[in-house]
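First the structure, in the form of structure tokens, and then the observations on it.
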Amino acid sequence: MPECLFCRIVRREIPATIVHEDEQALVFKDITPQAPTHLLVVPKKHLDALSASSDGDTALLGHLQRTAAKVAEAVKLSSFRLVTNNGKGAGQSVDHLHYHLLGGRPMQWPPG
Ligand code: 5GP
Ligand code: ZN
């Protein structure tokens with residue numbers, strides 16, 4: 001049975017360039033960067049998407065946002081975008097909750 005790609009990265013079964021790790025989160029470089037800085041902020045716990053989270057995940061979700069802010073500061077990004085694609089129609093291609101942390105170039109709004 002094919003296993004979740006990001007769970008495999010969390011378990012170090014697939015290599016990734018990891019820039020931060022703690023008990024609950026892993027942050028690594030996106031393999032197809034869309035900006036000079038393009039990191040993925042991922043919970044170690046598997047959730048299919050943000051919509052699969054429950055009230056019991058509130059602290060984890062807060063932790064992921066704080067982690068993104070700290071990593072952005074560590075890599076000296078004062079402006080950045082933090083985004084999650086929830087569902088195929090929004091562009092989600094990996095069914096393990098992740099936040100894109102993008103920075104290092106001007107950003108347009110709204111995104112396509
Ligand atoms: P989504 O399209 O689900 O919002 O984002 C998935 C992201 O995962 C994409 O930006 C894609 O480039 C990235 N990605 C897909 N496969 C891999 C991989 O094997 N390693 C890493 N580091 N990133 C990946
Ligand atoms: Zn997973």
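Both ligands and their constituent atoms are indexed starting at 1 by order of listing.
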**Message:** Please check this pair: side chain of Gln92 against backbone of Val94, looking for a donor-acceptor N/O pair closer than 3.5 Å.
**Reply:** yes
**Request:** Verify the cluster assignment for Leu64 and Val71: are they in a single hydrophobic cluster under the rule of side-chain heavy atoms below 4.5 Å apart?
**Result:** yes
**Message:** When you compare ligand 1 with Ala16, is there at least one nitrogen or oxygen pair between them that comes in under 3.5 angstrom?
**Reply:** no
**Item:** Atom name in His96, limited to N/O/S, at shortest distance from the Zn ion (ligand 2)
**Value:** ND1
**Asked** Of all the N, O or S atoms in His46, which one sits nearest to the Zn ion (ligand 2)?
**Response** ND1
**Heavy-atom nearest neighbour in the protein, as seen from atom 14 (N) of ligand 1, with distance rounded to 0.1 Å** = Ile31 CG2, 3.8 Å
**Message:** Please tell me whether Leu47 and Phe6 are part of a single hydrophobic cluster in this structure, the criterion being side-chain heavy atoms less than 4.5 Å apart.
**Reply:** no
**Item:** Thr32, portion touching ligand 1 at heavy-atom distance under 4.0 Å
**Value:** both
**Prompt:** Which atoms from ligand 1 have a heavy atom of Asn85 less than 4.0 Å away?
**Reply:** 4 (O)
**Asked** Quick check: does any side chain N or O of Lys44 sit under 3.5 Å from a backbone N or O of Asp22, one acting as donor and the other as acceptor?
**Response** yes
**Complete:** heavy-atom search around atom 6 (C) of ligand 1 in the protein gives His98 NE2, 3.4 Å
**Request:** Take every heavy atom of Leu40, measure it against each atom of ligand 1, and state whether any distance is under 4.0 Å.
**Result:** yes
What donor-acceptor contacts under 3.5 angstrom involve side-chain atoms of residues 96-105, with partners at least two apart or in another chain?
from   : atom 1 : to    : atom 2 : distance (Å)
His96  : ND1    : His46 : ND1    : 3.3
His96  : NE2    : Pro43 : O      : 2.8
His98  : ND1    : His96 : O      : 2.6
His100 : ND1    : His38 : NE2    : 2.8
Arg105 : NE     : Gln34 : O      : 3.0
Arg105 : NH2    : Gln34 : O      : 2.8

**Request:** Measure the distances from the heavy atoms of Ile14 to every atom of ligand 1 and state whether one is below 4.0 angstrom.
**Result:** no
**Asked** Tell me: protein heavy atom nearest atom 3 (O) of ligand 1, and distance?
**Response** Ser93 N, 2.7 Å
**Item:** Taking atom 8 (O) of ligand 1 as the reference point, the nearest protein heavy atom with its distance
**Value:** Phe6 CZ, 3.5 Å
**Message:** Which of the numbered atoms in ligand 1 are under 4.0 angstrom from any heavy atom belonging to Phe28?
**Reply:** 22 (N)
**Request:** Check whether any side-chain N or O of Asn86 sits under 3.5 Å from a backbone N or O of Ser51 as a donor-acceptor pair, and report yes or no.
**Result:** yes
**Item:** Numbered atoms of ligand 1 (with element) below 4.0 Å of His100, judged on heavy atoms
**Value:** 1 (P), 4 (O), 5 (O), 7 (C), 10 (O)
**Request:** Return the residue, atom name and 0.1 Å-rounded distance of the protein heavy atom closest to atom 12 (O) of ligand 1.
**Result:** Asp30 OD1, 2.5 Å
**Message:** Quick check for you: with the Zn ion (ligand 2) as the vertex, what angle do SG of Cys4 and SG of Cys7 span, to 10°?
**Reply:** 120°
